[in-house]
Participant: 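Can you read through this structure? Questions will come right after.
Whatever order the structure lists them in is the order used to number ligands and atoms, beginning at 1. Since the structure is predicted, the reported quantities are computational estimates derived from the model, not experimental observations.
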Amino acid sequence: MEYEPVIGLEVHAQLLTQSKIFCGCSTAFGEEPNTLTCPVCTGQPGSLPVVNRKAVEFAIKLGLATSCRIAPYSLFERKNYFYPDLPKGYQISMYEHPLAEDGFIEITLQGGKKRIQIIRVHLEEDAGKLKHGETPETESFSYVDFNRTGVPLAEIVSGPDMRSPEEAGEYLRELRAILQYLEICTGDMEKGTFRCDANVSVRPKGQREFGTRAELKNMNSFRHVEKALEYEIKRQIAALEEGEKVVQETRLWDVDQGITISMRGKEEAHDYRYFPDPDLVPLRIEEKWVEEVRKSLPELPSEKKERFIRQYQIPEYDAKILTLTKPSSAYFEETVNRFPEPKTVSNWMMGDLLRELKRDEREIDQCPVTPQHLSEMLSMIKKGTISGKIAKDVFEEMYQTGEHPEKIVRDKGWVQIVDEGEIEKAIERAMEAHPKQVEDFQKGKEKIFGFFVGEVMKQTKGKANPKLVNELLKKRLKGEG
Ligand SMILES: [Zn+2]
């Protein structure tokens, strides 16, 4: 029997506000433990929370950017459970009346586009962080840091619309790009500012009802999400084929073993005894505010991608990669403004530039090669000052040193040789060094031509103009020169 997976994702995005969601404490990262706390975020009796307007505005932005309806009335509720990192004994979240509902995100797949439903977007507060002793003296202790307690999160719940780990990966990348374009979240999975839980089940292909699902946690990179899903789908299919039942539960992704492990039975909403937080008034969001926020929305990734295809006539694949982050799209446009050959710019960015950045785990805004330098180098190729081959070395050098391409080419003596006399001399030397090959060529073994091109390039240290080398070599070998 053929099975198909059904995947839905819950993402928690940490919102980039200066202060926490219900108090004035700073949201700064990396401070001394428990220095960014107050009676409100540590749940002292008698303290009162007040909602952060900026956090609400960010959630409205996100709701609009994902085509959701912004609820005129939403409500903070208490989600009750005990855990040492939760000082109040409950988390303030939204339940029955979320801030935004019923939107979608469009993802691009090989076979075309697909809409993934956004069921809801709501606001909630983060919990603290447990730290288990890391030195021999402290290994039997656990510590808790409340600095993160009360940091605003947006939870984004998708519909069960994805049918493969790749689709899930695409959805996450698109959602993260939206958050980054809106400048409301850094989207860093490794640092935990963008976290993802996955609900996954399998069912026989063609069946309408969903199978029993498991919830996967603890995946802190896109690759791990895809790998965990792949593993879990295989595991569930194998169980069904053995005649076993899939249990509804929460499973942890074990990075080292590459497997998912049962953590606990999945709790139901009623286990949390949600009820409206009596310390917070309901949120009433006026249409006027929503319209103001709507007007402030930037060009979103999908819009920018369509514009790039239209305006710069580049393939969809290029446009998708270049618009993946706001800085990379800005880099592209700045370079094209200076050197108006979009496809050439795109090729260099997607090839050499992104490869170097990836190798060094750098973001494009930390790239030592500026759009100005790249465009200058491309102009030098176009003018014939340097060959395309030498340009690769110039680029590498620019990346290592941050220098101007002109300076590098001048200092290294990499200017292209267009002097026919000089190229002819190199041809002469190459032919003298390989008389046997010359004879073979003249007997009709024309394939040897490429060998001579290589030799001449070697003689000129790659600086000869390839077009001239071809022309002159042809003439000379055929005895016309
Ligand atoms: Zn506080």
Participant: Would you sort out whether F76 and F22 count as a ring-ring contact (aromatic ring centres under 6.0 Å, His included), showing the intermediate values?
Facilitator: CA-CA 11 Å; F76 285 108; F22 298 120; 5.2 Å; yes
Participant: Looking only at heavy atoms, what is the nearest atom pair of K113 and T108, with distance?
Facilitator: NZ-OG1, 4.3 Å
Participant: Side chains of R176 and Y181 only: does a donor on one sit below 3.5 Å from an acceptor on the other?
Facilitator: no
Participant: Starting from the C-alpha separation in whole Å, work towards a yes-or-no answer on side chain to side chain contact (heavy atoms under 4.5 Å, CB included) for D254 and T260.
Facilitator: CA-CA 6 Å; D254 185 313; T260 64; over 6 Å; no
Participant: Please identify each residue that fulfils side-chain contact (heavy atoms from CB on, under 4.5 Å) with A319, with sequence neighbours left out.
Facilitator: K305, F308, I309, I314
Participant: Check for me whether R115 meets the cation-pi criterion with F104, that is, NZ or CZ under 6.0 Å from the six-membered ring centre and within 45 degrees of the ring axis.
Facilitator: yes
Participant: Which residues and atoms, counting only protein N, O or S, are under 2.8 Å from the Zn ion (ligand 1)?
Facilitator: C23 SG, C25 SG, C38 SG, C41 SG
